[in-house]
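Just follow the structure's listing: the first ligand is 1, and inside any ligand the first atom is 1. Since we're looking at a predicted model, the values are computed, not measured.
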Amino acid sequence: MQKGPMSFSSLGLTELILRAVDESGYTEPTPIQVETIPVVLSGKDVLAAAQTGTGKTAAFVIALFTRLQKNKPSSKKGPRALVLAPTRELVVQICADAQALGAHCPFKVQPIFGGVDYEKQRSALQSGVDIIVATPGRLIDYAKQNVFSLGHVESLVIDEADRMFDMGFLPDVHKIISRTPRERQTLLFSATMAPTIR
Ligand code: AMP
């Protein structure tokens with residue numbers, strides 16, 4: 001039995017991540033972080049019912065960065081991790097958490113969403129990125145034009161899946177998934193677990 005509070009250092013994180021966690025002022029992992037981080041690091045898929053405010057964003061961001069650091073990258077070009085979220089605001093929030101928690105990692109995180117300069121995002125994608133955080137619609141546009149390949153994505157995160165479903169993004173999400181490798185890892189977070197989400 002676990003006695004006392006759990007610590008981040010017992011979750012299997014790298015030194016560089018632990019330092020960023022410390023600098024972010026997080027002293028103890030939240031329950032969802034304790035439950036999901038070791039599972040993600042073991043390479044398994046995760047299906048988690050999680051509301052906002054539980055620390056779910058840091059849970060997948062910390063786990064993704066740790067995995068990217070521990071696994072040797074393939075020599076192929078293209079993002080190694082893809083995070084899908086329903087809104088621009090959420091994409092921005094996830095990227096902010098990723099900047100903070102990945103402060104000491106050499107990975108490039110690229111936000112993608114509609115309503116901003118198309119060419120700018122396009123050239124950023126072409127210059128090479130490690131992690132894409134995107135709303136489905138704009139990402140599909142770029143993928144269709146073969147701006148980049150999703151063929152080397154090691155981990156796919158679907159955040160707020162229920163909202164994505166409510167907003168009608170499911171067809172786009174399916175199209176995106178079909179462009180990623182079958183043997184990828186998938187993490188799905190949703191506030192509710194309706195049968196359609198499962
Ligand atoms: P989220 O559920 O991802 O929307 O996160 C809710 C808030 O919890 C965010 O402001 C995070 O910065 C914060 N947070 C995440 N993990 C921790 C932690 N281990 N300790 C304290 N705050 C945290």
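- For atom 21 (C) of ligand 1, the nearest protein heavy atom is under 4.0 Å away.
- Between Gly53 and ligand 1, an N or O atom pair is found at a separation short of 3.5 Å.
- With hydrogens left out, the protein atom closest to atom 11 (C) of ligand 1 is Tyr26 OH, 3.4 Å, a heavy atom.
- A side-chain donor-acceptor contact under 3.5 Å links Glu23 and His104.
- Residue Thr54 has at least one heavy-atom neighbour below 4.0 Å for each of these atoms of ligand 1: 2 (O).
- Proximity of a side-chain donor or acceptor of Asp159 to a complementary backbone N or O of Leu84 within less than 3.5 Å is not detected.
- Residue pairs meeting the side-chain hydrogen bond (donor to acceptor under 3.5 Å, both in side chains) criterion with at least one member in residues 34-45, sequence neighbours excluded, do not occur.
- Less than 4.0 angstrom separates some heavy atom of Thr57 from each of these atoms of ligand 1: 1 (P), 3 (O).
- The distance criterion of under 3.5 Å between nitrogen or oxygen atoms is not met by Asp97 with respect to ligand 1.
- Taking only nitrogen or oxygen atoms, main chain and side chain alike, Gly55 reaches within less than 3.5 Å of ligand 1.
- By the 4.5 Å heavy-atom criterion applied to side chains, Thr135 and Ile112 are not counted as neighbours.
- Side-chain atoms of Met193 and Leu188, non-hydrogen and from C-beta on, do get closer than 4.5 Å to each other.
- The shortest N or O to N or O distance between Thr52 and ligand 1 is not under 3.5 Å.
- Taking 4.0 Å as the cut-off between side-chain N and carboxylate O, Asp172 and Lys175 count as a salt-bridged pair.
- Taking the six-membered ring for Trp, Phe148 and Tyr142 have ring centres at least 6.0 Å apart.
- Residue Glu28 has at least one heavy-atom neighbour below 4.0 Å for each of these atoms of ligand 1: 18 (C), 19 (N), 20 (N).
- Of the protein's non-hydrogen atoms, the one nearest atom 16 (N) of ligand 1 is Gln33 NE2, 2.8 Å.
- In this structure, atom 2 (O) of ligand 1 is in close contact with the protein, since a protein heavy atom lies within 4.0 Å of it.
- Residues Ile176 and Val173 are not in side-chain contact: their nearest non-hydrogen atoms beyond the backbone lie 4.5 Å or more apart.
- Near Phe8, with a cut-off below 4.0 Å to any heavy atom, the atoms of ligand 1 are 19 (N).
- Between Glu119 and Gln121, every side-chain heavy-atom pair lies at or beyond the 4.5 Å cut-off.
- Taking any N or O of Thr27, backbone or side chain, none lies under 3.5 Å from an N or O belonging to ligand 1.
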